[in-house]
Number of protein chains: 2
Amino acid sequence: MQGPKEYSEKEEKIFRAAIEEFAENGKQGARMHAIADHVGCNKALVHYYFRNKERLYEEVFDFLFSRFFITVHNAITDAPTFEETLTRFVDEFTDFLEEFGPYPILMLKEMDMDSKKKRFERIKEQTGMGPMSLFREKMEQAVERGEIRDLDVRQTFMSIMGECTYLFIAFPVLSLSNPEAAKHKKEIIEERKQHIIDLIYNGLKNKGLNNRQ
Amino acid sequence: MQGPKEYSEKEEKIFRAAIEEFAENGKQGARMHAIADHVGCNKALVHYYFRNKERLYEEVFDFLFSRFFITVHNAITDAPTFEETLTRFVDEFTDFLEEFGPYPILMLKEMDMDSKKKRFERIKEQTGMGPMSLFREKMEQAVERGEIRDLDVRQTFMSIMGECTYLFIAFPVLSLSNPEAAKHKKEIIEERKQHIIDLIYNGLKNKGLNNRQ
DNA sequence: GTCTATATCTCGATAGAC
DNA sequence: GTCTATCGAGATATAGAC
C-alpha cells in the first residue's frame, strides 16, 4: 500500500495506523493516542507530521476515496460478455473491501456536500469518465447484443455494490453463529464472490420473450 | 414508535432524540447536549432519566436491535409463491431502514461479541425461530416445488439484505449527482424495492434444465 | 421533574528539552 | 525527529436549588 504523497517510513506507518483507527471508530471516535500507540510512538509525533486530527482525517479520506474511485473505475473493462465484465468488477471491488473494510463507503456520509463534490470532481478529472458512465456503456452494449435485460443502470450498479459491501458489514454477526468465520475469511469471501456473480448475472440475463413473465 | 419499556412522555422524547443523535454521529460522536437541545430541555434531565451516556446508548442499541430482529422475523411469512415472500420481505425491511436508517445494521459492529451474543439469544427466545431459519424454510419449500434454484440460503439472505441496505448507505452520494434526491426519497425508495425484487427473483427463478448453462 | 452552576475528566494540541 | 510535561477546550456527570 502506498500513501498519496511521498511519506517517510515513520510517516507512512502513522498514516496506515490512522486509516485503521478511523475505519474502526469513525472520525469522532478515533483517538490520536491510539494511533500513536499502535505505531509505538508519541502523540506529539502524530501532530508533528499531520498537524491536527482534522487534517489527518482529510488525508485519510482523500486517500481512501481516490483508491475506491480508481479501483471501481479500473474494474470496469471491456470484455466479450457482460458476465466477464461483472465477474471482474465483483472480484476487484470485493478485494478492495477486503483490504480497507467497508469504511471508505461509509465515510461518504461523514463529509459535507461541498468537500465531497470538490473531491469527486478532482478525481474525475484524473480518471476521465466516471465509473457510472463506464458501467452504463458496458451495460448498454450488452443490452444491445441481447445478452442482458434492459434494467436501470443506476439501480443495477447499486445492487452489485450493495451485495459486495454487505458481507463486510455483516461479518461481525456472521461470526456469532460461526465463531471460526474469521479463520476462513478468505474462503468465505471467494464463495461470496461466486454467489454474487451467479445471482446477479442470472437476474440480468435475457431469457427470451417466452420466459419473461 | 414505542420505546422498549413504559416511558413517560418526556422520557420517550429524549429517547427518540437519542436514537437520531446516535444514528447521525455514532456512539462517540453523539453529544448529550445535542439530545437535550433537540428535545428543548437541559442536559441534566437526560442524565436524570438515563443515568449516563453509556446506558443510554445501550438502551438505544437494544431497542434498535430487537426492532430490527423482529421486523426481519415478521417479514418472512408464508405465501403461495416465493416471489410474494420476497416482495414482502424487501418491502418491510426497506421500510424499517427508511425509519431508522442503516444505523441499526452498522451498530452491530460497535458491540463486543459477548454482549451481542447475549442480546441475540434473549431476542431469539422471545421470537422463537431465528430469521435465518425461517428464511431457510421458505426457500427450501420453493426449491422443492421447483420455483427457484437451489442456492445457498445464507448467501441469498445476505444478497437481499445488502441490496436493501445499500440505498441508504449510498444516499449521500446519490444526492451529489442529483441534488433533488432528498425531495423524492419516497419515490426513489419505491423504485428501488421494485428493482431489487425483480433482479433477485429473476436471479433465483428456476428456468428449467435447458436454460441453465 | 426540571433547572443552574459547577466539578471532573478526556482528549487534542502545544511548549520546550534532548 | 522524537520525547515529556502540560495547557485548555469541550464534554460528561453531579450537586443542589426550586
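All chains are named by letter (A, B, ...) in the order of the sequence lines, taking the proteins before the strands, and each is independently numbered beginning at 1. The shown structure was predicted, so the numbers you read here are calculated from the model rather than taken from an experiment.
Ring orientation note: the planes of B:Phe61 and B:Phe65 are close to parallel, at an angle under 30° on the 30°/60° scale. Ring planes of A:Phe96 and A:Phe93: parallel class, angle under 30° (limits at 30 and 60°).
With the end axes of the helix from C:dG1-D:dC18 to C:dC18-D:dG1 each set by five pairs, the angle from one to the other reads 0° at 10° resolution.
Between the C1' atom of D:dT14 and the CD atom of B:Glu54 lies a distance of 18 Å, rounded to the nearest Å. When the P atom of C:dG1 is taken as reference, atom OH of B:Tyr7 falls 14 Å away, rounded to whole Å. B:Lys53 places its NZ atom 5 Å from the P atom of D:dT12, with the value rounded to the nearest Å. Atom C1' of nucleotide C:dC3 and atom CD1 of B:Ile14 are separated by 13 Å, given to the nearest angstrom. In this structure, B:Asn52 places its CG atom 5 Å from P of D:dA13, rounding to the nearest Å.
Between B:Phe22 and B:Tyr57, the ring center distance clears the sub-6.0 Å criterion. Checked against the 6.0 Å centroid criterion, the rings of B:Phe157 and B:Phe89 qualify as a close aromatic pair. Aromatic ring centres of A:Tyr7 and A:Phe15: separated by under 6.0 Å.
Within residues 35-51 of chain B, the residues having any heavy atom under 4.0 Å from DNA chain C are, by residue number, B:Cys41, B:Asn42, B:Ala44, B:Leu45, B:Tyr48, B:Tyr49. Remark: nothing in residues 20-33 of chain A comes within less than 4.0 Å of DNA chain D through any heavy atom.
Judged by distance alone, with hydrogens and angles left aside, the side-chain atoms of B:Arg88 form no donor-acceptor pair with the main-chain N or O of B:Asp78 at under 3.5 Å.
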Requested in this report: Output, in order, the C-alpha distance, side-chain angles, deciding distance and verdict of side chain to side chain contact (heavy atoms under 4.5 Å, CB included) for B:Lys186 and B:Glu190.
Outcome: CA-CA 6 Å; B:Lys186 265 257 179 281; B:Glu190 292 308 315; 5.5 Å; no
Requested in this report: Give the C-alpha distance, both sets of side-chain angles, the deciding distance and a yes or no for side chain to side chain contact (heavy atoms under 4.5 Å, CB included) between B:Met107 and B:Lys27.
Outcome: CA-CA 9 Å; B:Met107 278 176 114; B:Lys27 182 180 179 177; over 6 Å; no
Side-chain donor-acceptor pairs of residues 30-44 of chain A under 3.5 Å, sequence neighbours excluded:
{"unit_1": "A:Arg31", "atom_1": "NH1", "unit_2": "A:Gln28", "atom_2": "O", "d": "3.0"}
{"unit_1": "A:Arg31", "atom_1": "NH2", "unit_2": "B:Gln28", "atom_2": "OE1", "d": "3.4"}
{"unit_1": "A:Asn42", "atom_1": "OD1", "unit_2": "A:Ala44", "atom_2": "N", "d": "2.9"}

Under 3.5 Å, which donor-acceptor pairs link side chains of residues 159-170 of chain A to any protein atom two or more places apart or in another chain?
{"unit_1": "A:Ser159", "atom_1": "OG", "unit_2": "A:Gln155", "atom_2": "O", "d": "3.1"}
{"unit_1": "A:Ser159", "atom_1": "OG", "unit_2": "B:Glu163", "atom_2": "OE1", "d": "2.8"}
{"unit_1": "A:Ser159", "atom_1": "OG", "unit_2": "B:Arg192", "atom_2": "NH2", "d": "3.1"}
{"unit_1": "A:Ser159", "atom_1": "OG", "unit_2": "B:His195", "atom_2": "NE2", "d": "3.0"}
{"unit_1": "A:Glu163", "atom_1": "OE1", "unit_2": "B:Ser159", "atom_2": "OG", "d": "2.7"}
{"unit_1": "A:Thr165", "atom_1": "OG1", "unit_2": "A:Met161", "atom_2": "O", "d": "2.6"}

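A:Glu20 is linked by a side-chain hydrogen bond (donor to acceptor under 3.5 Å, both in side chains) to nothing, counting only residues two or more places apart in sequence or in another chain.
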